[in-house]
Amino acid sequence: MNSIFFRCYCLVCIVLIVRALVLYPLSRILTFQEKPWDWIYSPSISNSQPEIKKDKFLEVPQIVWGLNNQKIAFARACLTARMLNRTLLMPSLSASLFYKEVELLEPIAFEKIFQFYRFNILCNGFVQLGRYSEVSNKTEPLELRKGSGRRWTVERDLDQLKEFSKTPMSENEVIRIVGKNPFLWHDHWPVKDYAKIFECLVLVDEISKEATRVVSKIQQTGSKVKTKSQTQEQSIDSMNSSDMHTPYIAVHMRIEKDWMIHCKNLEHRSNISQICSSQKEIMDRVAHITGLQRPVIVYLAVADSLLEDESVLNGWDEGLLPYEKKRLGVWDVYNRFPYLIKSAIDYEVCLRADIFVGNSFSTFSSLIVLERTQKLMRLGAKDSCGMDVRWGSYAYNILGESGGPQRWTTDMSASNLQAISYGTNDISC
């Protein structure tokens, strides 16, 4: 009996050890949710960097501007902390849009948008996020003032960071950067490093669930449209089963008055004509995407100011069925939240779309394409430009083949984030 018991005990131990060795790495690579597209990837971390110090911190100014400018600013702050071998103190984000009205700026905690603990798990060994409660406050923070002006070059900025990573500055518990918003800091890191940070930014459950509600509504509407000609009645169960496979297009339409003024000025300064696109041009180019199966829902990610203008819903080609928040019946979902969360929901809806069409000079569009490119690469696509129309990304401001928008993929080997931060008409495809 003792011998049998001992053998069983050893067998159980072996099974548990093998299970841990096999399942743990797999669980860190892919977590599938509704379909293979909606997965969270755990970045592969290089061990060449010294372990991030958890008792030394970097403090940065409040992060401002639009959602994706804030994501870039946050990533830049993380990579700055990594260079200094420090933990980044969780910065404050901005719930409201900010230009010059500082008194109207509405701060919001990082963990109200993104999962704090999930971030540290996914980015473990690469960057570290900490809380102010972890600071002992035994010494005053050492201030690092970011330079400005034409004389403050990338090289001088890098030299400053290197200097603050050495003794005696490195001995201070907290280094506080004062001056510019992190989005405006000089860039010293390749796209792949930024991509690692973005992959660690997981929306809190509340926002993610709201995005799923919107996507489900789009798919239900698309399913009804496709089955209407076949049958007038369909059971709820059969409809729900088909919703999971109902494709849709997401179009990020930048046609607001302030955007058109900005892009016209940008075209003039940069001597580039492929930045602005009229509403008609966007509709015409989307209609000429090769391989589209119609009818199909076209979700319009537009600014709230355009929701009262029904012209955005008119003039689309036959078989392209445009919907925005109000027509889709999900305005109540968005209306409960401040600007930043509304933008985060729209971002997720566009990210999950079968086809995404945006403007290559928009940070919002550029980061969506970066994530879609990264995810296609993780799924084994070596050349996302040559893939089937599904999961495709396009730039409507650049004319592509057959009169449609230009196919768009991110150059993941780029040495910096310049093209994504400020836009480009060189979009790899």
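Using a 4.0 Å cut-off between charged nitrogen and carboxylate oxygen, Glu210 and Arg336 count as a salt-bridge pair. A salt bridge links Asp284 with Lys280; the closest basic N to acidic carboxylate O contact falls under 4.0 Å. Note on Glu111 versus Arg131: salt bridge recorded, some NZ/NE/NH1/NH2 to OD/OE distance being below 4.0 Å.
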Test disulfide bond (SG atoms under 2.5 Å apart) applied to Cys78 and Cys123, step by step: CA-CA 10 Å; Cys78 284; Cys123 267; over 6 Å; no
Could you go through the side-chain hydrogen bond (donor to acceptor under 3.5 Å, both in side chains) check for Asp187 and Tyr194 one step at a time? CA-CA 11 Å; Asp187 189 0; Tyr194 282 97; 2.7 Å; yes
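Summarising the geometry, atom CG belonging to Leu266 is positioned 8.0 Å from atom SG belonging to Cys276; distances are rounded to the nearest 0.5 Å. For the atom pair Arg407 CZ and Ser393 OG, the distance stands at 7.0 Å (nearest 0.5 Å). Atom CG of residue Leu89 and atom OG of residue Ser133 lie 9.5 Å apart, to the nearest 0.5 angstrom.
For an aromatic pair to be called close, the ring centres must be under 6.0 Å apart, and Tyr299 with Phe356 fails this. Side-chain rings of Phe74 and Phe110 approach one another, their centers coming within less than 6.0 Å.
Trp408 and Ala395 make their closest contact through CE3-CB, 3.7 Å (heavy atoms, listed as atom of the first residue, atom of the second, distance).
With 3.5 Å as the limit, one finds a donor-acceptor pair spanning the side chains of Ser94 and Gln62. In this structure, a donor-acceptor pair under 3.5 Å is present between the side chains of Asn397 and Ser360.
You'll find the side chain of Phe57 reaches within 4.5 Å of the side chain of Glu173, heavy atoms only.
Taking the side-chain contact (heavy atoms from CB on, under 4.5 Å) definition, one finds that Lys112 meets it with Ile108, Ala109, sequence neighbours left out.
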